[in-house]
Amino acid sequence: MFKYYFMLGLRSLRRNPALTALMVLTLAIGVAASVSTLTILHVMSGDPIPHKSERLFVPQFDVGPLKGYIPGEEAGDRQMTYPDAVNLLRAKVGERRTAMFGISAPIEPQRKDLGVFPANGLALTRDFFAMFDVPFLHGQAWSEDDDAAGVNVVVLSRQIAGKLFGQANPVGQRIIMLGQPFQVAGVLNDFAPLPHYYRLIGGEGNFGNDEDVYIPFATAARLKSSPQGSMNCSATPGPGYEGLLASECTFIQFWFETKTARERTELQAYLANYSADQRKLGRHQRAVAPSLYDVNEWLVFMKVVGNDNKLSAWLASGFLVLCLVNTVGLLLAKFSVRAAEVGIRRALGASRQHIFRQFLVETAVIGLAGGILGLLLAIAALALISMQSSEMGSGAHMDWVMLGFTFVLSVGAAVVAGLLPTWRACQVTPAMQLKSQ
């Protein structure tokens with residue numbers, strides 16, 4: 001019986017083609033707006049590195065002053081300072097570890113037609129590339145000895161390497177950066193999750209855009225590279241860059257990778273003991289336990305999906321509801337002209353349940369057509385957003401979950417919109433229709 005009703009639904013699409021086209025288009029626009037918005041939120045809030053997200057951790061200490069602090073109150077100055085980052089790197093806790101901060105690095109290209117141009121980058125340790133599965137197009141990360149000695153080596157993004165050297169392999173070449181010659185150790189390859197990693201390591205505007213260059217953490221400190229994202233706090237920096245780094249004022253991020261997720265407890269205990277030792281030395285004045293976040297907890301803490309994005313989702317949902325209201329009106333108009341057909345069917349023995357099922361299946365067919373068109377519109381919208389927004393990059397794509405959700409949403413919305421018109425169609429009195437026809 002369902003197959004019969006489904007075939008009737010397909011045939012009904014040809015009735016009142018203008019009215020049917022309006023319904024399909026209305027549903028498609030509402031579904032496309034909702035699905036594209038939800039897909040972006042899904043990409044931004046999803047796990048960017050699921051195979052190891054439970055083994056990657058960000059520690060933070062409360063480094064605020066003791067003055068004005070009330071024991072037991074919420075910690076308000078959690079961060080990672082340069083001295084703590086250096087101490088944790090030297091301790092070699094966990095399988096891998098990296099410290100990083102954003103830098104601004106002017107580059108002097110050999111090509112005179114380019115001129116000096118600014119580049120953004122990260123100062124970090126070599127473990128970063130393995131921790132976040134960053135692929136290389138050419139070369140590789142610098143060595144541990146380079147990390148320790150603060151050697152002038154650099155890893156370039158594919159875009160900046162192309163700008164400086166074209167299609168040639170630049171590994172071993174030198175560039176002038178920060179007024180110093182740097183040897184190119186490697187070139188990163190493009191890969192889809194990379195923009196999402198920038199959301200992970202960058203957070204809200206600290207160093208969350210695509211980076212051009214990557215240099216050793218110790219090299220940036222030695223060359224006094226200007227840190228990005230310096231935080232306002234009560235500590236007074238000393239003279240020069242060393243004073244700024246040694247203070248509690250520079251935004252530095254630290255990541256641990258453990259062999260198993262179960263080692264989190266051991267890592268938390270180590271950090272607590274470390275903080276207690278620092279309090280004995282006059283640092284970490286507040287007796288507040290350090291925070292430790294895994295990848296998904298860190299995304300929530302950094303508010304990767306902001307309130308503006310959530311508001312967009314609500315607006316898209318509201319737009320879908322508006323489209324449903326319009327669809328209800330169009331279905332009422334479509335079904336009202338079929339009153340004679342309903343009356344004849346009822347007179348021939350069809351029950352109201354039969355009429356209800358038939359018309360509801362027809363609305364589901366309309367929803368299915370709207371879903372197909374809505375899917376095409378959503379894919380086009382996501383492609384446009386990906387081209388215009390480097391932040392989302394190629395990560396804004398329709399996966400199988402959202403693909404299935406598109407059709408479920410479209411058919412479900414059409415069925416909900418068709419409940420009232422279908423119920424009205426079932427109320428037709430056969431005698432009145434037979435008398436008037």
Side-chain angles (χ1 to χ4, degrees), residues 98 100-126 128-130 132-147 149-199 201-202 205-230 241 383-395:
T98 186
M100 67 185 80
F101 63 88
I103 61 171
S104 179
I107 296 178
E108 304 174 33
Q110 296 179 355
R111 292 172 49 188
K112 302 302 181 183
D113 58 310
L114 290 178
V116 178
F117 61 90
N120 294 321
L122 287 177
L124 41 78
T125 61
R126 72 183 304 272
F128 166 84
F129 302 103
F132 292 97
D133 299 336
V134 180
F136 279 80
L137 179 65
H138 302 295
Q140 59 187 354
W142 53 80
S143 67
E144 290 186 8
D145 292 337
D146 293 339
D147 257 338
V151 176
N152 287 4
V153 290
V154 61
V155 169
L156 305 176
S157 70
R158 184 172 185 172
Q159 290 73 22
I160 207 71
K163 183 175 183 178
L164 292 172
F165 300 100
Q167 299 300 318
N169 182 352
V171 173
Q173 299 293 325
R174 294 183 179 273
I175 63 173
I176 304 299
M177 186 174 64
L178 300 170
Q180 300 280 330
F182 275 75
Q183 184 173 2
V184 178
V187 177
L188 299 188
N189 200 1
D190 295 328
F191 71 118
L194 189 58
H196 203 55
Y197 287 173
Y198 287 133
R199 301 288 299 180
I201 66 176
N206 297 304
F207 35 84
N209 297 319
D210 290 3
E211 312 299 343
D212 299 317
V213 295
Y214 303 80
I215 64 175
F217 187 83
T219 304
R222 177 176 59 81
L223 295 178
K224 307 175 179 62
S225 172
S226 300
Q228 297 177 344
S230 295
Y241 184 74
L384 182 62
I385 292 171
S386 295
M387 288 189 294
Q388 294 183 348
S389 175
S390 60
E391 181 177 333
M392 287 301 301
S394 58

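All values reported here derive from a predicted model rather than from experimental measurement.
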To the nearest 0.5 Å, tell me how far [X] [atom1] sits from [Y] [atom2].
X      : Y      : atom1 : atom2 : result
Ile107 : Phe117 : CD1   : CZ    : 4.5 Å
Ile160 : Asn120 : CD1   : CG    : 9.5 Å
Arg111 : Leu164 : CZ    : CG    : 8.0 Å

Ignoring hydrogens, what is the shortest heavy-atom contact between [X] and [Y]? Give both atom names and the distance.
X      : Y      : result
Val116 : Glu108 : CG2-CG, 3.8 Å
Ala168 : Pro170 : O-CD, 3.2 Å
Thr98  : Phe128 : OG1-CB, 3.7 Å
Ala220 : Ile103 : CB-CG2, 4.4 Å
Pro216 : Asp147 : CB-OD1, 3.8 Å
Arg126 : Glu144 : CD-N, 3.4 Å

With a sphere of 6.0 Å drawn around CD of Gln110, does it hold more than 12 non-hydrogen atoms of other residues, nucleotides or ligands?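 Incorrect, the count does not exceed 12.
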CA sep, side-chain torsions, deciding dist, call: Gln183, Asn152, side-chain contact (heavy atoms from CB on, under 4.5 Å): CA-CA 6 Å; Gln183 184 173 2; Asn152 287 4; over 6 Å; no
Residue set satisfying ring-ring contact (aromatic ring centres under 6.0 Å, His included) with Phe217, at least two apart, ordered chain then number -> Tyr82, Phe101
**Message:** Suppose we screen for ring-ring contact (aromatic ring centres under 6.0 Å, His included). Which residues come up paired with Phe136, at least two apart in sequence or across chains?
**Reply:**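 Phe136 satisfies ring-ring contact (aromatic ring centres under 6.0 Å, His included) with Phe129 once adjacent residues are dropped.
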Do the side chains of [Y] and [X] get nearer than 4.5 Å, heavy atoms only?
X      : Y      : value
Leu156 : Phe165 : yes
Thr219 : Gln180 : no
Val155 : Val134 : no
Ile215 : Leu178 : yes

### Task
Among Val153, Val151, Thr125, find the one that has a side-chain contact (heavy atoms from CB on, under 4.5 Å) with Trp142.
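Result: among Val153, Val151, Thr125, Val153 is the only option passing the side-chain contact (heavy atoms from CB on, under 4.5 Å) with Trp142.
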### Task
Might you work through the side-chain contact (heavy atoms from CB on, under 4.5 Å) test for Leu188 and Tyr214, ending with a clear yes or no?
CA-CA 10 Å; Leu188 299 188; Tyr214 303 80; 3.5 Å; yes
